[in-house]
Structure formats: C-alpha cells, structure tokens
Amino acid sequence: MNLFADIRELVVAELQGLMAAGVLPAGLDLAAVAVEPPRDAGHGEMATNAAMVLAKPAGMQPRAIADALAARLMADPRVAGADVAGPGFLNLRLEPAAWQGLVRAVLEQGTAFGRSQLGAGRKVNVEFVSANPTGPMHVAHARGAVVGDALAALLAFAGYQVTREYYINDGGGQVAVLARSAYERYREAHGLSPEIAEGLYPGDYLIPVGQALKDKYGSSLLDQPESVWLADVRVFSTDMMMAMIREDLAALGVEMDVYSSEKALYGTGQIEAALERLRKLDLIYQGVLEPPKGKAPEDWEPREQTLFRSTAFGDDQDRPVQKSDGAWTYFAPDIAYHYNKVQRGFDELINIFGADHSGYVKRLKAVVSALSENRVTLDIKLIQLVKLLKGGQIVKMSKRAGTFVTLRDLIEEVGPDVVRFVMLTRKNDVALDFDFDKVTEQSKDNPVFYVQYANARINSILRKARDAGLDVSDASLSQAHLAHLGHEAELEVIRKLGEWPRLVEIAAKGHEPHRVAFYLYELASDFHGLWNKGNDDDSLRFIQGDTAISAAKIALVRAVGVVICAGLGILGVTPVEEMR
RNA sequence: GCACCCAUAGCUCAGCUGGAUAGAGCGUUGCCCUCCGAAGGCAAAGGUCGCACGUUCGAAUCGUGCUGGGUGCGCCA
C-alpha cells in the first residue's frame, strides 16, 4: 500500500475526467504530475503540482486548473480538504481514516510493507567489492561492500531480480607478485630466510599460505626456477586469498551470488570475440597515442597499440587494450567481462568502484552501450574514501608501514551492524569519517544507536503491554479500532510511515541506499518525539486504562517497529531487542 | 594541461531529480524526569546554498564560465 501512489492515481484519473469533460484540452501529458509530501507540514499532508505543470501546455491559469481539480478530488471519500496555495499548488488533507488504514496495512503486510513492483522483475547485476585477491579486505573495501550489498537488497525490495557479483582480478601481474611473495613464505616454512624484495607483498597473512604450500608440495618446489612453480603457486595462493576474502565478506554479512574470474576469460576466445565486435563498429583500431599533456615523461616513446575509440563517447583519450608487447591490458578482459554480463541477459548493470577508478567510467559505459546496442545501461557508483578517526586523530594507513586497518579489525572492534550502518550514513560520492569513538557512543549523535534505541524502546513497550494483559500479536493489533489514533502527534508518525513505500522507490531509482538510513533516523526521531509527548499529555501514552484505546496505540508502535525492521533488513543491520 | 567528483548554519551532513518561509545532529542558550527506558524530548539563536551570468511562472537543484579542495590520466589493476 502506497498512499502517495494511490492519491496520484486519483489525481491523474480526475485530470483525465477533466479532459473528457472538455475543461482541459485533451491529450495532455500527465507524466510530470507528482503527489508529494510538502516540505512544510503547514501546507497540508500531500501536495500536487498538477496545476502548475499543466498550466502552460493547457494554456490556462494554474488557479483555474487547481480549482477544477480540487472540486473533483473532494468527491473522493479519502480526501478531507483541497486548497489552492502559493503559485498553484493543490494542498490535500486526507481523512484520518485513510491514514489509520495505513497502520493496518503495515501490520497485515509486516516487513513486506513498502515492497514495490518498480523493477517489474528486470534483471540487475550489481558488481561490487571486486578486491584484488592479494590480501585481506581493508576498510576502503568495506564501504563498497556495504553500499553494494544494501543497494542489491534495496533493488530486490523494489521488485528487481538482483544478482550480486564479484569480479576476481586474477589474470594480471599482481597475482604473479602474490605468487612470488607466497613462494618466499614457502621457503620460510622450510626454515630458509625469505627474501621479500621491493615490490613483493610483505604481509604476515602470507605465512599460512607458505605453510600450506609446504603441506601440499613438500620440498619439491625448493630451488626450482620460477617457470616450474609460478603457475601452480599462483592458483594456489589466489584460491587461499579468495577463501580469506569470502570469510571477510561473510563476517560483514555479505553473500555473493556469482564469482567471476578474469583469468577464466583468457584462452576462451571471449576477449577476441568482444573486441572483434567492437572492431566491426569501428571502435577498435591500431594507432599511436599522444603523450600526456602537462607533464612530459622523459621515457615517453610513441608506440603503435590496439586502441578503443572511447573519445567517441566523450572520453578525453582513446584507451589501449593491448600493451606494446602485445599482452592485454586490464581493459581488454574487462570488455569481455562486461560483454559476458550483457549476454547473460541483464537489463541493468551497476558497478561499485573506488573513487580512484573515476577515469575508467566513460570507457566502460561506452563499451556496454556499444556491445548491447544501447539495450543495457551501466551505472557506476564511485565510492569515496573512508577516513578513520580514533581519539580525534586520523589513523594513517600504509601497507608498507603495516598500519593498514583490515575489515576484520574493524568488525572485531565495533561489530558488523555498526560498520554497515555507518558506511551508509553518507551518499557514496562524499568522503566519510569513521570515528571509532563516535560510532560506539550511545547518544543521538550516533545514528546507529538512535535507530536501534527506538526499536529497543518499541520492544520494551510491547513487553509492558503484554504484561498488562494485551494481545500484542500483529493479527490482533491489526483488528484494533484505529480511529483512536486521532491526535495530530500520532497522525504525524503515521504519515512518516506512509512515506516508506515512496522512499523505497526514490532510493531504488537513484541507486541510493543511504536514503534508507536517513529515513530510519527520521522515523526514529518522530517516534522518540511521540514517546516523550506522553510525558506532558497522558492521552498520548501508549498504554491506557481502556483496552481498545491501548490496542490502537500499540498497533501504531508496532507498525513503527515493523518499518524500522524492514529498513534495517535492507541495510543488513540486525535490529536489537534490548539495549545493554 | 585534461577528465571526473565535491563546495549548504561555527562543526559534521540531509535536501525526495525544478517547487512554497532551505532542514537535521553536534556545539551555544533556556526549559522538561514520582512517569511505557531522560541512553530521551521541547524551544531559541545561527544561512548571500563558493562566485557570476543564463534557462522559466519558479533554481541549492538544470546550463555556461570562474574560484577552492579531492581523485585520476599509455606499456598497473
């Protein structure tokens, strides 16, 4: 049940009635007509811009349209008032019964309340994390992991068919570096001193890999040339790294549907096939790039390479798919990978990337639209940095200094729920401060706590009500006489609940899961406010002498709890029953 | 040099894709506990939405040009 959508349908129907009656010219486009909560509560409960957006195409005064529309809307039993205001807004007030029915809908539908058919079953692929399989996940990956996972959940809630996918970069040079690093640990496991040369990965996490290599291969790889062991060790160690990354993801509550391998694309002809297709579109050619402007590298030599014509899509440079030695660049298998996603029948692709990949956006979008003949859209969400703060100090992270904070460290310190919620308290394209002191603080300043506290308080009230002899099952509460929820303060909270289905669609359309976190904070705030009004006005307390009245009020409390749980469910945060 | 992102209250940030008098939290000031959890709530003060043009009934939001900050820029991924 989406009351805003229902009322918009009503408005559209009445506008069509006005067209049929000849009051408005026929054939007006009603797509821009919106029904929204007004910014200022003083302007009624819902507002429509219909008169203003139609004034020009209809060649009429906004006022005249609004008056005619208002008269027709008033005939609907849900509408209690329709006033023309401002430049031509039509402000609507609904009968309390319409709002009260919303509480019943929440209790009947449970956490399915707010589900939408917006996606209409369209297939969406969300590719996220895709951390290189060369070490454990660290905080920078955590934000992308959380945003991707929450976005996937949000889209599923909004009626899309969602696939969560991880692209394993196991084809490039860095996994060879991993293999060489692991080999040194393998030597170490045999009591030899490892030679961790410049450029190798020094992390301790490779010591168990060396041990495992020893367990599997014994001493057979010792004193052998790289050509003998490299391929095997590379597979072995990337598998171990991926196992570790999967554990990290599981600790964060993220479960992928598909793991795709870059390496698996090599030697299958898929890269060649994708490039051939682009070549037919005249998007692949042999050429020589200009040297980068501004800085003139001394070692620049013009070389002929295989290039992708991304300048045709607004990029500032064509991009090489082959290195000067003929090997593929990272871009080539990525083209094949995205072609593969297109061929798997996805209608929309979403990639969650770190902000350092911003230069990569145009060429990838170009590839997807070219390879799908504009059928498939690719949206790339760039995730900005996370700045860690502890005791007011920035925690400097450096792999070399060994001071980088792993995802596991973070989860062990504050728990997965806090990590997930905090990572969603900013939109993706803004840098985020993760303050260890703040996120565990129990105050309104900490949104995680504040929302959890609302839920805990709701559970506390339900317990008290049960102790007072009330049947607090949803089945029973949904039968409560909700006309008792007539106080303005109560209706205000109900209106907030009414925004939930609308918010789900807005957030899903914009691929903006952070909106859910902000909504929950607002809902929690409204609820705490209502709770406190009971201190001044006894009639607003939830548990009353009259059982019927109590049941109605508890129904509202429970409905708020249901929506909070639904929202937290999308964010992947476990609702707490009790604060400790 | 070029591309992308960001700029909103003293601080940290929202702002529903162009709507009405721009909103929260922190901080400041003043109130509210015999009470369903005060781990809260109410109220006040605080703004040239970086700057300048433009688009239109209407701009924080769209366009162009600046300013400041971040990120990236062939043979890394």
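Naming: A, B, ... by sequence-line order, numbering from 1 per chain. No experiment lies behind these values; they were computed from the predicted model shown. FYI, side chains are in, hydrogens and waters are out, and symmetry mates aren't considered; it's all heavy atoms of this structure.
- Applying the side-chain contact (heavy atoms from CB on, under 4.5 Å) test to A:A70 and every residue at least two apart in sequence or in another chain returns A:A82, A:L90.
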Nucleotides 11-13 of chain B: which of its N/O atoms have a protein N/O under 3.5 Å away?
{"unit_1": "B:U12", "atom_1": "O2'", "unit_2": "A:R426", "atom_2": "NH1", "d": "3.4"}
{"unit_1": "B:C13", "atom_1": "O5'", "unit_2": "A:R426", "atom_2": "NH1", "d": "3.2"}
{"unit_1": "B:C13", "atom_1": "O3'", "unit_2": "A:R426", "atom_2": "NE", "d": "3.2"}

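- Applying the side-chain contact (heavy atoms from CB on, under 4.5 Å) rule to A:E577 yields the partners A:N459; only residues at least two apart in sequence or on another chain are considered.
- No N or O donor and acceptor, one from the side chain of A:N532 and one from the base of B:A38, sit under 3.5 Å apart.
- Counting distance only, with no hydrogens placed and no angle test, the side-chain atoms of A:R541 and the base atoms of B:C35 include a donor-acceptor pair under 3.5 Å.
- For residues 493-508 of chain A, proximity to RNA chain B is found at A:R502, A:I506, defined as any non-hydrogen atom under 4.0 angstrom from a strand atom.
- Residues satisfying the ring-ring contact (aromatic ring centres under 6.0 Å, His included) criterion with A:Y259, sequence neighbours excluded, are A:Y166.
- The salt bridge (charged side-chain N to carboxylate O under 4.0 Å, His left out) analysis of residues 318-338 of chain A, with sequence neighbours excluded, yields the pairs A:D315-A:R319, A:D316-A:R319.
- The list of salt bridge (charged side-chain N to carboxylate O under 4.0 Å, His left out) pairs with a residue in residues 304-313 of chain A, not counting sequence neighbours, reads A:D282-A:R309.
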Distance-only donor-acceptor pairs under 3.5 Å for side chains of residues 380-391 of chain A, two or more places apart:
{"unit_1": "A:K381", "atom_1": "NZ", "unit_2": "A:G510", "atom_2": "O", "d": "3.3"}
{"unit_1": "A:K381", "atom_1": "NZ", "unit_2": "A:H511", "atom_2": "O", "d": "3.4"}
{"unit_1": "A:K390", "atom_1": "NZ", "unit_2": "A:E413", "atom_2": "OE2", "d": "3.3"}

Listed pairs, N/O of protein and of nucleotides 21-27 of chain B, under 3.5 Å:
{"unit_1": "B:G25", "atom_1": "OP1", "unit_2": "A:K444", "atom_2": "NZ", "d": "3.3"}
{"unit_1": "B:G25", "atom_1": "O2'", "unit_2": "A:D445", "atom_2": "OD1", "d": "3.0"}

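- Counting only residues at least two apart or on different chains, the side-chain hydrogen bond (donor to acceptor under 3.5 Å, both in side chains) pairs with a member in residues 421-438 of chain A are A:K438-A:D445.
- Partners of A:H484 by side-chain contact (heavy atoms from CB on, under 4.5 Å), not counting sequence neighbours, listed by chain and number: A:H481, A:A548, A:I549, A:A552.
- Residue pairs satisfying the side-chain hydrogen bond (donor to acceptor under 3.5 Å, both in side chains) criterion with at least one member in residues 516-526 of chain A, sequence neighbours excluded, are listed as follows: A:K496-A:E522.
- Close to B:C57, at under 4.0 Å from its OP1 or OP2, lies a side-chain N or O of A:K56.
- One atom, CD of A:Q384, and another, C1' of B:G70, lie 7 Å apart when rounded to the nearest Å.
- The glycosidic torsion of B:U17 lies within 90° of 0, placing the base in the syn range.
- One atom, CD of A:E512, and another, C1' of B:A14, lie 12 Å apart when rounded to the nearest Å.
- Among the nucleotides B:U71, B:A38, B:U17, the one closest to the side chain of A:D356 is B:U71.
- Applying the 90° cutoff around 0 to the glycosidic angle, B:C33 is assigned syn.
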